2 protein chains.
Amino acid sequence: MIADQGVRATAVEPLARRMGITKGSFYWHFANRESLLDQALRRWEEHDSRNLNMAMGAINEPRERLISLFRRVGRERLTHRVFSALCAAADHPQVEPVLERVAQRRMHHIAQAFSELGFSPEQSAHRARLTYTAYLGFLQLQRQHQAPHLDSRTFEAYIEHVIATLVPA
Amino acid sequence: MIADQGVRATAVEPLARRMGITKGSFYWHFANRESLLDQALRRWEEHDSRNLNMAMGAINEPRERLISLFRRVGRERLTHRVFSALCAAADHPQVEPVLERVAQRRMHHIAQAFSELGFSPEQSAHRARLTYTAYLGFLQLQRQHQAPHLDSRTFEAYIEHVIATLVPA
DNA sequence: ACCATTCCATACGCCACAGTATGGAAAAGT
DNA sequence: ACTTTTCCATACTGTGGCGTATGGAATGGT
């Protein structure tokens, strides 16, 4: 489940080499490569779904809920790297529907928070979409940097700017 | 140069098949696969750079310049699809530096426009980054949809919302 | 003790693609 | 007319990954 360096890490033979085992062993546990990816993705999607519900259910005040979401981008690096790796494989037929469902769920929750702030359904949908695309775009931008890209001070400032811009006072 | 269905379309043999030719012919024109991709990327980057300068130089008023940029997302579909395909291959060692340079150039121009609107260098950089990530995220979101996703009316409304949010009145 | 099931290794066939070697036809130079 | 250069095809090697076949050791049930 540590496929943070790309979905192609689920290639059977390299993966088998990396662990101490061989292909023969692998094909006893899984029907094929597709099956492994399928199970991994299913587990990840469930985990992500639970995470989302917990994060959104923990805070009642919608404004604070949104802000905590933005702040979360800086923390839990591994989580975001895994997700980013999946985004990089959006063209993969098995990955694409997962990303699609996850995006729908996340945007729905974000839109819900905006709704509670008094925005119309259309306004909320637009704001949720813009918020989520800003997140996706940020990850995309990170993928293009091999270097660590932003020092933490600039990063913090940027996050604050995003909050100020996207979350109405 | 119509590699809009993925960078992996530059695989030698399939590409040769798709045209009427064979590998033997290909390897006379190019040293190897890497060379082809390199030339294609170089051409694209130059073309993109020119395009950017033209688009930004055509309009004096910085606010109108930014707005026209947003509106451009709906038009010139092919251009965006090509760029989106490149973004999907951001992990590719030859593509990554190109995307990085292009991102720097584009964000620099956007930041320039915000500067002209009276924002500080830091503010302009943040706004440019957010603007560009919104664009990247939008493309990412498109990649996750096989379906055409947004009807044009909703799309127009969304673009207007983004303009209203990111470009100060 | 015997047998079946579990888990893993070795070995094989298959395919897709990268890159090379070689030859041959057409065009161009002299 | 002869040779060279240009452009392309056929055929080969090599590599890497997917999936299968088969056997063997350990474990557990009876």
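Proteins come first, then strands; the chains are lettered A, B, ... in the order of their sequence lines, and each starts at number 1. Since the model is a prediction, treat every value here as computed from it, not as a measurement. Values below: every heavy atom of this structure, side chains too, minus hydrogens, waters and symmetry copies.
C:dA16 atom C1' lies 15 Å from atom CG of B:Leu15, rounded to whole Å. Between the P atom of C:dC8 and the CH2 atom of A:Trp28 lies a distance of 8 Å, rounded to the nearest Å. If you take CG of A:Leu37 and P of D:dC18, they are 11 Å apart, rounded to a whole angstrom. Atom CZ in A:Arg33 sits about 15 Å away from atom P in D:dT20, given to the nearest Å. Regarding A:Phe26, its CZ atom lies at a distance of 15 Å from the P atom of C:dC7, rounded to whole Å. As a whole-Å value, the separation of A:Glu34 CD from D:dG17 P is 19 Å. Straight-line distance from the CZ atom of B:Arg17 to the C1' atom of D:dC8: 17 Å, rounded to whole Å. Distance CD1 (A:Ile21) to C1' (C:dC7): 11 Å, rounded to an integer number of Å.
Checking D:dC18, C:dC17, C:dC8 against every side-chain atom of A:Tyr27, the shortest atom distance belongs to D:dC18. Of the candidate nucleotides C:dA9, D:dA9, D:dG17, C:dA9 has the atom nearest to the side chain of A:Thr22. Picking from C:dC17, C:dA9, D:dA9 the nucleotide with the shortest atom distance to the side chain of A:Ser25 gives C:dA9.
In this structure, the ring-ring contact (aromatic ring centres under 6.0 Å, His included) partners of A:Tyr158, at least two apart in sequence or on a different chain, are B:His126.
Proximity of A:His29 to the phosphate of C:dT6: no side-chain N or O atom is located under 4.0 Å from OP1 or OP2.
Between B:Glu61 and B:Arg65 there is no salt bridge, since no side-chain N of the basic residue sits under 4.0 Å from a carboxylate O of the acidic one. Classification of B:Arg105 and B:Asp48 as a salt-bridged pair fails, no side-chain N sitting under 4.0 Å from a carboxylate O.
Under the 6.0 Å cut-off for aromatic ring centres, B:Tyr132 and A:Phe138 do not qualify, their centroids lying 6.0 Å or more apart.
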